[in-house]
Structure formats: C-alpha cells, structure tokens
Amino acid sequence: MFSSSVAELVFVCPACRAKQNIQNTCRRCGADLKLLAAAKRRVDWLTKQRTLALDAGRQDEATRHTRELRMLAGSVSDS
C-alpha cells in the first residue's frame, strides 16, 4: 500500500492502485484514505524520531518507536 519510492509522502491507493501524494481522498476513485494517510504520517514521524533517539544514545526511546513501527508498518529492522 505504501510506495518504496524516494518520494517520502507517495503511496498507492489500495482500491484502484493509483500512485499519488499522501491525501485524504484518492484522486482517481475517491476512496477515503484518511486512516492510511494518518498511518503513513505516523510511520514517517516515528522513523525520524527513532533515528534521532538512536543517534543520541536513547535506546529505550528508540525501542518504543520500533515497537510502534512494527505495529503500524509490519517488518521494521532494529537499526
């Protein structure tokens, strides 16, 4: 559902497969993407926060972010 492209805020509509920037409604089919958009934004934020925590040596905080990332995004590496 989320694109692995370089563009961070691009994903694919699960209903019609249209590639698009993150938004609340699909540009092609009109599907409601509010929850997906919110989840994608949260994953992006958690990834950045985890990196900052690791860089600062805050392992407990990084571990909390990794746990939440696994719940939202599935497979997430520990590094």
Side-chain angles (χ1 to χ4, degrees):
M1 139 180 14
F2 298 125
S3 171
S4 60
S5 72
V6 176
E8 195 172 303
L9 298 177
V10 173
F11 66 90
V12 177
C13 174
C16 72
R17 311 300 297 163
K19 291 181 184 177
Q20 57 197 351
N21 290 330
I22 195 165
Q23 53 194 351
N24 290 334
T25 306
C26 177
R27 65 175 172 78
R28 184 190 295 160
C29 71
D32 182 353
L33 303 174
K34 287 181 199 131
L35 291 176
L36 288 175
K40 174 67 172 135
R41 288 183 185 106
R42 183 69 177 171
V43 166
D44 292 344
W45 184 86
L46 285 167
T47 300
K48 289 175 189 170
Q49 293 304 308
R50 183 180 69 158
T51 299
L52 291 172
L54 286 170
D55 290 348
R58 298 186 312 263
Q59 187 60 45
D60 289 344
E61 183 181 338
T63 300
R64 283 193 309 274
H65 293 318
T66 299
R67 285 187 194 128
E68 188 174 346
L69 280 165
R70 284 189 177 133
M71 287 190 307
L72 288 172
S75 175
V76 174
S77 68
D78 287 324
S79 57

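Everything numeric here is computed off the predicted structure, so don't read it as measured data.
Between K40 and D44, at least one side-chain N (NZ, or NE/NH1/NH2) sits under 4.0 Å from a carboxylate O, which counts as a salt bridge.
Hydrophobic clustering (side-chain heavy atoms under 4.5 Å, transitive across Ile, Leu, Val, Met, Phe, Trp, Tyr) keeps L52 apart from W45.
Annotation: salt bridge (charged side-chain N to carboxylate O under 4.0 Å, His left out) contacts of R58 (sequence neighbours excluded): E61. For A31, the side chain to side chain contact (heavy atoms under 4.5 Å, CB included) partners are C13, A15, C26, C29, L33, not counting sequence neighbours. With sequence neighbours left out, T51 forms a side chain to side chain donor-acceptor pair (under 3.5 Å) with no residue at all. Residues that satisfy the side chain to side chain contact (heavy atoms under 4.5 Å, CB included) test with N24, not counting sequence neighbours, are K34, A37, R41. For R42, the salt bridge (charged side-chain N to carboxylate O under 4.0 Å, His left out) partners at least two apart in sequence or on another chain are E68. With sequence neighbours left out, the side chain to side chain contact (heavy atoms under 4.5 Å, CB included) criterion links T47 to V43, L69.
Put simply, the side chain of Q49 never gets that close to the backbone of H65: no donor and acceptor are under 3.5 Å apart. R28 places a side-chain N or O within 3.5 Å of a backbone atom of C16 that can act as its donor or acceptor partner.
Residues R50 and L46 form no side-chain contact, since every pair of their non-hydrogen atoms from C-beta on lies 4.5 Å or further apart.
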